[in-house]
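When a ligand or atom number is given, it counts from 1 through the structure's own listing order. Note that the structure is a prediction, hence the values are computed from the model and not measured.
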Amino acid sequence: MPELILKSGREKSLKRRHPWIFSGAVGRVEANPASGQTVKLLSHKNEFLAQAAYSPHSQIRARVWTFDQAQQVDSDFFRARIKRSLAMRHSLDGSRDSDSYRLIHAESDGLPGLIVDRYNDVLVLQSLTAGSEYWKDTIADILLEETGLDTIFERSDADVRVLEGLDKVVGPLRGPVPPDPFSISEHGLKYKIDFEKGHKTGFYLDQRENRLRVRAFSKDRDVLDCFCYTGGFTLNVLEGGAKSVVSIDSSVEALSMGPENVKNNGQQSERVEWRAGDVFQELRKFRDERRSFDLIILDPPKFAPTSAQARKASRGYKDINLLAFKLLRPGGILVTFSCSGGVDAALFQKIVAGAALDAEVDIQIVEYLSQGPDHPVAINFPEGAYLKGLVCYRN
Ligand code: SAH
């Protein structure tokens, strides 16, 4: 097996079982491994550390499959990991009220670079790294065998593939193209899914529990749903008895599915105003018009994928949270999220606190939110905890 030998002193994170090896830690690579091939990771003293997938083009030069020297990284290895992920979803998330959830959450399920989401009877696979790409066909066959399903749609079109030297791929990987229209059900609500053009793998599955949570706060409230996508939170606040909802997103394509979702659930469409626009600008307009709301949801896209963008991202979060606090009536609730890996929970809370201070509002945090149990965080991989939410009550 090809070998990757680390520089002196660079084995520390691996000994803590963190799965990434950055290019700067690499001393030398022996036997010219192919992209995605399994390499043996050795310390500069030739001690065995792990077996990892080699990414020749990426700053993250290798990602660990296993810390066990005796383990063969082969189809049995992937079958065992996939079975383990399925078993966890079955036992811990078995009572979910949804036909859709994440089956494999990459590093946090011991399978770096691999995302697999289940949408009713369709699996959507996203391969993000050279290693997951190398084993993609093996993995696809095992997924069908272990789930008993026959359809896998591939959404390997995330920008990070470019960093790995991989082209974008979208289309059926196994079985037929999924039926169109296609709907999923979550907490009693139906959502249309566009497998080809929808964001991520089609839906923001990570917000499942939070959408339900927000439903509970919504009775008789005037709601502002910012970054609404296809109406995830909007449908839930309608279900919870909201008086009115203004729902904003910059994607006209996503927004166009909102009214359809409302109609398909037999909800009152006249309670919702869908606005195509930039939230930063729309919030300013509302401030100038002295509009106010009882419940505001801020669920923006990733402003900082890594900590390198944390400063710029902080300004973005501060801006929208400050504006939202200004639009919030006394007794109102702001539910504010960050899904930026580069902004941790402590920093996010600090930014929101700064926004409340500048808006001159008296705020209590009444709940901390995060991603659902189908998006676990491996204890050795804190980067897996990317979604943070604060429920803020205005006195
Ligand atoms: N709350 C949604 C998910 C939101 S994801 C749900 O539960 O399904 C973030 C959304 O923000 C995306 O739909 C994206 O189109 C939108 N977006 C990104 N930048 C924006 C901006 N500046 N103004 C408005 N919407 C934006």
Side-chain angles (χ1 to χ4, degrees), residues 98 100-102 117 119 157-159 183-187 189-195 197-215 217-218 223-240 242 245-262 264-265 272-286 295-305 309 312-313 315-321 323-324 334-341 343 369-372 374-375 386-391:
S98 172
S100 303
Y101 51 97
R102 179 150 295 185
D117 288 337
Y119 291 92
D157 56 342
D159 291 339
S183 291
I184 61 157
S185 151
E186 177 191 275
H187 296 133
L189 293 171
K190 291 189 291 260
Y191 299 89
K192 261 187 79 179
I193 304 295
D194 182 340
F195 288 113
K197 293 191 240 85
H199 297 182
K200 305 225 278 186
T201 60
F203 199 59
Y204 291 88
L205 292 169
D206 51 358
Q207 289 283 27
R208 185 215 324 166
E209 298 310 319
N210 302 331
R211 280 188 283 264
L212 183 65
R213 195 66 201 117
V214 167
R215 191 190 293 187
F217 303 137
S218 56
V223 182
L224 176 59
D225 181 5
C226 298
F227 309 98
C228 66
Y229 188 51
T230 58
F233 284 102
T234 300
L235 266 65
N236 276 278
V237 298
L238 286 174
E239 202 62 18
V245 195
V246 178
S247 304
I248 309 173
D249 203 281
S250 57
S251 160
V252 176
E253 221 159 19
L255 201 69
S256 72
M257 288 163 75
E260 272 185 81
N261 282 333
V262 166
N264 292 341
N265 285 287
V272 195
E273 180 196 338
W274 300 95
R275 285 172 84 122
D278 173 26
V279 165
F280 289 83
Q281 288 170 16
E282 296 298 314
L283 289 176
R284 284 190 166 73
K285 272 190 221 156
F286 285 152
L295 173 60
I296 302 178
I297 299 141
L298 292 178
D299 185 18
K302 242 191 277 183
F303 291 159
Q309 300 91 12
K312 188 162 171 264
R315 282 199 295 276
Y317 287 122
K318 171 90 182 270
D319 193 30
I320 53 174
N321 281 281
L323 287 161
L334 170 67
V335 185
T336 180
F337 293 98
S338 160
C339 60
S340 292
V343 173
L369 304 175
S370 66
Q371 62 224 52
D374 53 337
H375 292 64
Y386 65 99
L387 183 63
K388 298 132 317 249
L390 299 172
V391 181

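- Scanning all protein heavy atoms for the shortest distance to atom 23 (N) of ligand 1 gives V279 N, 2.9 Å.
- From the protein, the heavy atom lying nearest to atom 5 (S) of ligand 1 is Y204 CZ, 3.2 Å.
- Close contacts between ligand 1 and G277 involve ligand atoms 23 (N), 24 (C) [criterion: under 4.0 Å to a heavy atom].
- Close approach to S251 involves these atoms of ligand 1, each under 4.0 Å from a residue heavy atom: 15 (O).
- Using a 4.0 Å cut-off to heavy atoms of D278, the atoms of ligand 1 that qualify are 21 (C), 22 (N), 23 (N).
- A perpendicular orientation is assigned to the rings of Y204 and Y229, their planes being inclined by more than 60° (bins at 30° and 60°).
- In terms of modelled atom types and a separation under 3.5 Å, the side chain of K200 and the main chain of L205 share no donor-acceptor contact.
- Side chain of D249 to main chain of L255: no donor-acceptor pair is present (N/O by atom type, distance under 3.5 Å, no hydrogens or angles).
- The protein non-hydrogen atom at the shortest distance from atom 9 (C) of ligand 1 is D299 O, 3.5 Å.
- F227 O, 3.1 Å is the protein heavy atom nearest to atom 4 (C) of ligand 1.
- Taking the six-membered ring where the residue is Trp, F303 and F280 present tilted rings, their angle falling between 30° and 60°.
- In this structure, of E186, H199, Q207, R211, the residue bringing a heavy atom nearest to atom 6 (C) of ligand 1 is R211.
- F233 and F337 have their aromatic ring centers within a separation under 6.0 angstrom.
- Not counting sequence neighbours, the partners of E273 by the side-chain hydrogen bond (donor to acceptor under 3.5 Å, both in side chains) test are R275.
- In terms of protein heavy-atom proximity, atom 25 (N) of ligand 1 is closest to S250 N, 3.0 Å.
- Heavy-atom contacts of F233 reach the following atoms of ligand 1: 1 (N), 7 (O) (cutoff under 4.0 Å).
- Looking at atom 18 (C) of ligand 1, its nearest protein heavy atom turns out to be P301 CG, 3.4 Å.
- D374 places a side-chain N or O within donor-acceptor distance of the main-chain N or O of R102, the cut-off being under 3.5 Å.
- In this structure, the ring pair (Phe, Tyr, Trp, His ring centres under 6.0 Å) partners of F195, at least two apart in sequence or on a different chain, are Y119, F182.
- Considering only non-hydrogen protein atoms, atom 14 (C) of ligand 1 sits nearest to D249 OD1, 3.5 Å.
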